[in-house]
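One structure is given here, and the rest of the page talks about it.
For clarity, every value in this text was computed on a predicted model and none was experimentally measured.
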Amino acid sequence: MQQGLPIRPFKATILETVAQNEFSIIIGETGSGKTTQVAQAALSVARRVAEEMDTDVGAEVGYSVRFDERTSARTRIVYLTDGTLLREMLDNPELDAYSVIVLDEAHERSLNTDVLFGVLKGLVKSRKKPLKLVLTSATLDAEKFSAYFDGCPVLHIPGRQYSVQVAFSEENHEKDYAAAAVDAALDLHLHQPPGDILIFLTGQAEIDKAVKQLTEEVAAMPEGACPDLLILPLYAAMPLELQTRVFTPPPEGCRRLIVATNIAETSITVDGVVYVVDPGVVKQKSYNPATGMETLAITAISRVQATQRAGRAGRTRNGKCYRLYTQKYFERDMPAETLPEIQRTSMLTAVLFLKSLPLDIDVLAFDYLDHPGRPALEDALRQLYILGAIDVDGHITGMGRRMAALPVEPSVARTLIAAAELHCLPDALTVAAMLSAETIFSGNRGPQQVLRGDEGKGKQSALPDSARAALGQMLKEGLGDHILLLRLYQAWEQQSFSPKWCREMRLDARGMNFAREVRRQLTDLVKRADFLPDKELAVQGKSSKRKRDDSDGGQTTDALRRAVLIGFANRLARRMSQHNGYKTLNEHSTLAQLHPSTAPLASDEYGLTPDYLIYTSLVATARVFLSKVCPMEPEWVQCILPKLWDIDVKRLSGGATTEIAVVQAEQAAHAPEGTVKKGAYVVLPRKNDVSSVDAARARYLARRGSRPLK
DNA sequence: GAGCACTGC
């Protein structure tokens with residue numbers, strides 16, 4: 001511990017508390033200068049601590065993050081991300097290399113840390129070799145955490161925060177919060193003494209619009225009416241070099257106005273901010289386990305978040321926070337805490353992880369800090385059963401263990417295992433890696449928009465002829481997104497991973513490089529996990545060496561698509577007989593359309609798209625959409641269908657009849673209101689009634705005779 | 001014919 005830090009006088013107390021207790025909670029302000037990414041933070045923290053201890057990173061102090069590990073036999077302290085620790089537990093469930101585990105930033109309540117809470121709490125009690133758990137947090141419901149960890153002691157360490165004066169609005173701005181935020185910022189700029197301003201908005205489009213508006217307003221002001229103003233947008237999707245502009249101090253006498261997403265709430269700390277404008281909303285993802293549908297909706301923040309945002313004004317000196325909602329709203333209506341991620345996300349991966357620990361965990365009765373809810377767990381169990389990861393009694397299978405060992409979502413893991421058997425593993429590795437990188441095309445576009453040159457609202461940019469030809473050729477194949485992702489990677493590899501080629505093709509360099517790293521990691525893992533005898537892997541060779549139009553007559557992609565079908569059997573959809581809408585083949589069948597960002601699918605002479613396809617996600621925005629799809633041959637699907645109908649969830653969940661009171665989770669199970677237009681989608685009451693669809697289709701075709709649709 | 005917040009094994 002360094003001299004002069006606020007925590008210094010507490011050293012003895014902390015050491016004594018940790019020594020005498022299995023669990024300890026330390027509440028205090030986090031240090032300044034947190035870096036942008038968690039992995040980078042782990043790395044830089046390791047470096048800083050190594051420096052303070054006068055050692056090298058990797059000697060006494062090491063780190064372990066995805067794609068990079070630096071530890072040695074001499075390492076005493078290792079910094080790692082929550083995901084890395086979970087991975088480590090799969091190989092070493094006792095974690096016997098560690099005697100004390102510190103969970104930093106526990107208040108952030110990521111899915112991973114919540115899983116760690118439960119698992120580590122159990123481990124502290126069961127492990128023969130003593131283990132201590134320390135939680136550190138900025139703000140958190142200390143009583144709740146302490147109660148969960150057997151009434152453990154809570155230490156409060158005063159921070160270095162300056163005071164922040166909070167002002168509420170006279171009225172609420174549910175609808176016009178963005179405009180109100182712009183007005184507030186301009187007002188601050190005109191009437192308040194020097195100091196940077198930080199506005200929280202919910203997304204890129206909103207921020208770009210606000211920045212444009214602010215720029216115009218300021219330009220229209222008479223010369224000398226106000227000081228110089230530098231307006232800086234800030235969101236995760238923008239290039240890193242633009243993000244880092246906020247770390248450069250402004251010129252003398254110039255005020256900065258930072259218009260940011262939630263990234264400025266915790267991930268990026270901007271020094272110099274004195275005024276915060278908080279509209280009280282955030283864009284948040286949630287998942288409905290009943291339909292398997294995701295929504296990304298503008299949601300009210302919690303009082304904890306509002307406090308965190310206000311705190312951003314007090315980093316360098318006393319500041320002010322302007323809340324665009326009333327004090328009454330804040331006190332009476334605003335949620336006290338943010339719904340933890342575990343209560344608004346799919347539990348698929350987490351359940352597979354818990355099941356693969358050698359503890360025979362009953363995931364319904366597991367000791368969660370906040371229970372994810374029965375519907376979310378049953379949804380996960382059902383999907384894991386379809387993928388063969390658990391048996392009818394809910395026990396993990398050998399397949400499940402092999403899946404859990406791969407750092408990709410269960411469907412992708414299952415695809416890889418199937419691909420090994422179907423002799424198309426190298427290509428499947430490529431698809432898996434490309435699916436891991438969520439942004440492939442720059443500017444949040446799909447392949448068809450890129451080909452057309454759409455750059456968003458009205459803007460067009462001519463694609464170079466060579467790129468247009470190459471992309472057009474790929475899209476002609478008509479086999480959907482997975483195969484297109486394969487073709488893009490293969491072409492990029494052919495171009496020696498050229499960044500210039502990426503730019504020409506409008507591919508996102510960050511996403512593509514990430515995919516390349518993931519592919520490398522996965523390739524390593526499947527080799528070690530003995531997916532295939534070495535000989536076989538050598539025979540299958542590298543994906544790119546095979547030419548697209550080779551002599552195998554499409555068998556390459558057939559095998560790959562079959563592997564994808566096996567992996568994504570939990571996300572199968574069937575086209576309606578008379579139009580191009582699809583019905584998902586899950587518990588609560590939902591009608592959905594192909595998202596305009598999907599790669600084109602070959603259609604028949606009536607313009608109808610394939611009878612069956614798998615999708616990677618079902619998202620409700622303006623309507624319900626299937627995104628990232630892969631078409632399937634009906635005869636392949638027939639083998640899969642029986643397993644989908646015949647699921648006994650009671651048995652999967654260990655025949656549990658215990659009632660679990662989960663009030664919050666019940667709320668989480670329902671997507672926030674206001675995101676989906678009423679009547680924009682239909683939840684069909686009948687389950688998976690294929691025969692009636694067949695019959696309807698037959699009647700329709702008979703009526704229509706051979707008359708083409710168009 | 002839509003539009004993705006934030007993480008990171």
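- Relative to the side chain of A:Thr84, the nucleotides B:dC9, B:dC4, B:dA2 differ in distance, and B:dC9 lies closest.
- Put simply, the side chain of A:Gln449 and the base of B:dA2 share a donor and an acceptor less than 3.5 Å apart.
- Residue contacts for A:Ser436: at a heavy-atom cut-off of 4.0 Å it reaches a base atom on one of the strands shown.
- A straight line from CD1 of A:Ile268 to C1' of B:dC6 spans 11 Å, rounded to a whole angstrom.
- At the heavy-atom level, A:Ala236 lies under 4.0 Å from the strands shown only through sugar-phosphate atoms.
- Among the atoms of the strands shown, none is found under 4.0 Å from any heavy atom of A:Glu265.
- Residue contacts for A:Asn444: at a heavy-atom cut-off of 4.0 Å it reaches a base atom on one of the strands shown.
- Contact between the side-chain N/O atoms of A:Ser267 and the OP1/OP2 oxygens of B:dT7 is found at a separation under 4.0 Å.
- Protein atom CZ of A:Phe441 is 18 Å distant from nucleotide atom P of B:dC4, rounded to whole Å.
- Atom CD1 in A:Ile207 sits roughly 13 Å away from atom P in B:dC4 (whole-Å rounding).
- Between the CG atom of A:Leu234 and the C1' atom of B:dC6 there is a distance of 12 Å, rounded to whole Å.
- For A:Lys209, there are no salt bridge (charged side-chain N to carboxylate O under 4.0 Å, His left out) partners at least two apart in sequence or on another chain.
- Which of B:dT7, B:dA2, B:dG1 sits closest to the side chain of A:Ile263 comes down to B:dT7.
- Summarising the geometry, the separation between CG on A:Leu111 and P on B:dA5 is reported as 21 Å, rounded to the nearest angstrom.
- In this structure, A:Glu206 atom CD and B:dC6 atom P are separated by 12 Å, rounded to whole Å.
- Among B:dC9, B:dC4, B:dA2, the nucleotide with an atom closest to any side-chain atom of A:Phe625 is B:dA2.
- Contact annotation for A:Ser110: no contact, since no heavy-atom pair falls under 4.0 Å across all strands.
- No side-chain N or O of A:Glu206 forms a donor-acceptor pair with one of A:Tyr235 less than 3.5 Å apart.
- With ring centers used as reference points, A:Tyr615 lies 6.0 Å or more from A:His482.
- Considering every non-hydrogen atom in both A:Ala413 and A:Val408, the closest pair reads N-CG2, 3.6 Å.
- Under the 4.0 Å criterion applied to side-chain N and carboxylate O atoms, A:Glu69 and A:Arg87 are not assigned as salt-bridge partners.
- Comparing atom distances between the A:Arg452 side chain and each of B:dG1, B:dC6, B:dC4 picks out B:dG1 as nearest.
- Remark: C1' of B:dC4 and CD of A:Gln284 are 14 Å apart, rounded to the nearest angstrom.
- Looking at the side chain of A:Thr261, the nearest of the listed nucleotides B:dC6, B:dA2, B:dC9 is B:dC6.
- Residue A:Thr81 places at least one side-chain N or O under 4.0 Å from the OP1 or OP2 atom of B:dC9.
- Listed by chain and residue number, A:Met89, A:Val115, A:Phe353, A:Leu354, A:Leu357, A:Phe366 satisfy the side-chain contact (heavy atoms from CB on, under 4.5 Å) test with A:Val119 (two or more places apart in sequence, or in another chain).
- When each of A:Asn112 and A:Pro596 is assigned the nucleotide of DNA chain B bearing its nearest heavy atom, the one mapping closer to the 5' terminus is A:Pro596.
- Distance OH (A:Tyr235) to C1' (B:dC6): 15 Å, rounded to an integer number of Å.
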